[in-house]
Amino acid sequence: MRFATWNVNSVKARLPRLLEWLDTTKPDVLCLQETKVAEDGFPTAEVGELGYDVAAYGQGRWNGVALLSRVGLDEVRKGFAGEPGYPDPEARAISAVAGGIRFYSIYVPNGRTPDDPHYTYKLSWLSALRAALAAEIDAGPLVVAGDFNVAPTDDDVWDPKVFIGSTHVTPPEREALSEIRGIGLRDIVARPMKGDHPFTYWDYRAGMFHKNLGMRIDLVYATGSVADRVTDAVVDREARKGKGPSDHAPIVVDLDG
DNA sequence: ATGCCCTTTACGAAAGGA
């Protein structure tokens with residue numbers, strides 16, 4: 001089984017690239033973030049022609065998550081129990097069972113700056129996610145994948161000095177991720193196609209991608225029942241090249257069986 | 001070369017991203 005996660009930064013703007021990527025990479029399950037469309041605007045028919053079922057959760061202009069699967073999609077849930085909003089609910093989490101695994105596609109709030117109310121919201125959201133996951137960690141195999149908007153360690157940013165005083169690297173954010181792992185989830189670290197750091201995001205500006213100045217903020221957390229089956233995990237930086245890419249690259253994970 | 005910000009709504013410009 002092959003699954004993947006990808007922040008596409010608008011599924012409409014990325015549709016030609018998404019379809020080409022699906023056709024060549026052929027994941028069984030794909031977790032999408034920042035789709036930026038309401039459910040009725042999702043290109044369900046287009047991905048359906050490639051054999052994928054869709055579960056989408058969107059609100060239009062911002063956010064938006066989805067799951068694509070060609071091995072079934074059951075027990076779809078939009079959001080999670082106790083999920084905070086700002087103050088209204090935002091489309092940042094969707095989960096469903098596919099191929100015997102419950103997959104979460106999540107888009108963690110950005111936080112903006114450490115003194116911004118959105119930062120408090122980010123920490124609350126991560127805490128609520130941990131609680132929701134803890135309640136079902138024993139229910140079966142689980143994968144939580146997506147844009148966590150946190151670089152777990154200083155090795156996960158291209159220059160830690162640049163990020164002093166910024167979000168994505170603060171101790172409370174990193175502790176929130178550690179607490180999520182603490183309920184029984186393992187970080188499936190992908191191998192980079194280039195360099196020593198499996199970065200998944202590179203700013204569009206200033207040739208950051210071409211200098212490989214990125215961040216590892218897209219993550220795959222999985223229960224041991226899934227992690228023990230991993231045969232390969234890679235950041236597909238090919239998908240970040242060329243004309244009209246997302247600013248994030250997909251992570252592709254292969255499982256035995 | 002992989003190449004120097006993008007997407008949304010809305011029709012100009014502002015917001016958000018990380």
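Chain A is the first sequence line, chain B the second, and so forth, proteins listed ahead of strands; every chain is numbered from 1. All of these numbers come straight from a predicted model, not from anything done at the bench.
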Do the side-chain N or O atoms of [X] get closer than 4.0 angstrom to the phosphate oxygens (OP1, OP2) of [N]?
{"X": "His168(A)", "N": "dG17(B)", "value": "no"}
{"X": "Arg112(A)", "N": "dG17(B)", "value": "yes"}
{"X": "Ser10(A)", "N": "dC6(B)", "value": "no"}
{"X": "Arg61(A)", "N": "dA15(B)", "value": "no"}
{"X": "Arg14(A)", "N": "dT7(B)", "value": "yes"}
{"X": "Asn9(A)", "N": "dC6(B)", "value": "no"}
{"X": "Tyr107(A)", "N": "dA18(B)", "value": "yes"}

Contacts of Phe209(A) and Thr35(A) projected onto DNA chain B by closest heavy atom; the upstream (5') one is Phe209(A)
Position toward the 5' end of DNA chain B (nearest nucleotide), Tyr201(A) or Arg205(A): Arg205(A)
Nucleotide of [options] approaching [X] most closely (side-chain heavy atoms):
{"X": "Ala13(A)", "options": "dC6(B), dT7(B), dT9(B)", "value": "dT7(B)"}
{"X": "Lys194(A)", "options": "dC5(B), dT7(B), dT2(B)", "value": "dT2(B)"}
{"X": "Lys241(A)", "options": "dA18(B), dT2(B), dC6(B)", "value": "dT2(B)"}
{"X": "His210(A)", "options": "dT2(B), dT8(B), dG17(B)", "value": "dT2(B)"}
{"X": "Glu34(A)", "options": "dC6(B), dA18(B), dT2(B)", "value": "dA18(B)"}

Length of the [atom1]-[atom2] vector between [X] and [N], whole Å:
{"X": "Asn212(A)", "N": "dC4(B)", "atom1": "CG", "atom2": "C1'", "answer": "15 Å"}
{"X": "Arg240(A)", "N": "dC6(B)", "atom1": "CZ", "atom2": "P", "answer": "9 Å"}
{"X": "His248(A)", "N": "dT7(B)", "atom1": "NE2", "atom2": "P", "answer": "13 Å"}
{"X": "Leu15(A)", "N": "dC6(B)", "atom1": "CG", "atom2": "P", "answer": "19 Å"}
{"X": "Leu213(A)", "N": "dT2(B)", "atom1": "CG", "atom2": "P", "answer": "18 Å"}
{"X": "Tyr204(A)", "N": "dC4(B)", "atom1": "OH", "atom2": "P", "answer": "13 Å"}
{"X": "Asn63(A)", "N": "dT7(B)", "atom1": "CG", "atom2": "C1'", "answer": "13 Å"}
{"X": "Arg17(A)", "N": "dC6(B)", "atom1": "CZ", "atom2": "P", "answer": "12 Å"}

Which part of the nucleic acid, if any, lies within contact of [X], taking any heavy atom under 4.0 Å across all strands shown: a base, the sugar-phosphate backbone alone, or nothing?
{"X": "Phe163(A)", "value": "nothing"}
{"X": "Met208(A)", "value": "nothing"}
{"X": "Asp218(A)", "value": "nothing"}
{"X": "Asn149(A)", "value": "sugar-phosphate"}

When rounded to the nearest Å, what value does the distance between [atom1] atoms of [N] and [M] take?
{"N": "dT7(B)", "M": "dG12(B)", "atom1": "C1'", "answer": "15 Å"}
{"N": "dA18(B)", "M": "dC5(B)", "atom1": "C1'", "answer": "13 Å"}
{"N": "dA15(B)", "M": "dA10(B)", "atom1": "P", "answer": "15 Å"}

Taking atom types as modelled and ignoring hydrogens, do the side chains of [X] and [Y] form a donor-acceptor contact shorter than 3.5 angstrom?
{"X": "Asp155(A)", "Y": "Thr153(A)", "result": "no"}
{"X": "Ser95(A)", "Y": "Arg102(A)", "result": "yes"}
{"X": "Ser105(A)", "Y": "Gln33(A)", "result": "yes"}

Between Asp28(A) and Arg70(A), is there a side-chain N and carboxylate O pair less than 4.0 Å apart? yes
Under a 4.0 Å threshold between the charged nitrogen and the carboxylate oxygen, would Glu39(A) count as salt-bridged to Lys78(A)? yes
Evaluation steps, salt bridge (charged side-chain N to carboxylate O under 4.0 Å, His left out), between Arg229(A) and Asp256(A): CA-CA 5 Å; Arg229(A) 293 169 56 196; Asp256(A) 186 16; over 6 Å; no
Indicate, yes or no, whether a donor-acceptor pair under 3.5 Å links the base of dA18(B) to the side chain of Asn110(A). yes
Take atom CD of Glu20(A) as the centre, draw a 6.0 Å sphere, and report whether it contains more than 12 heavy atoms from other residues, nucleotides or ligands. no
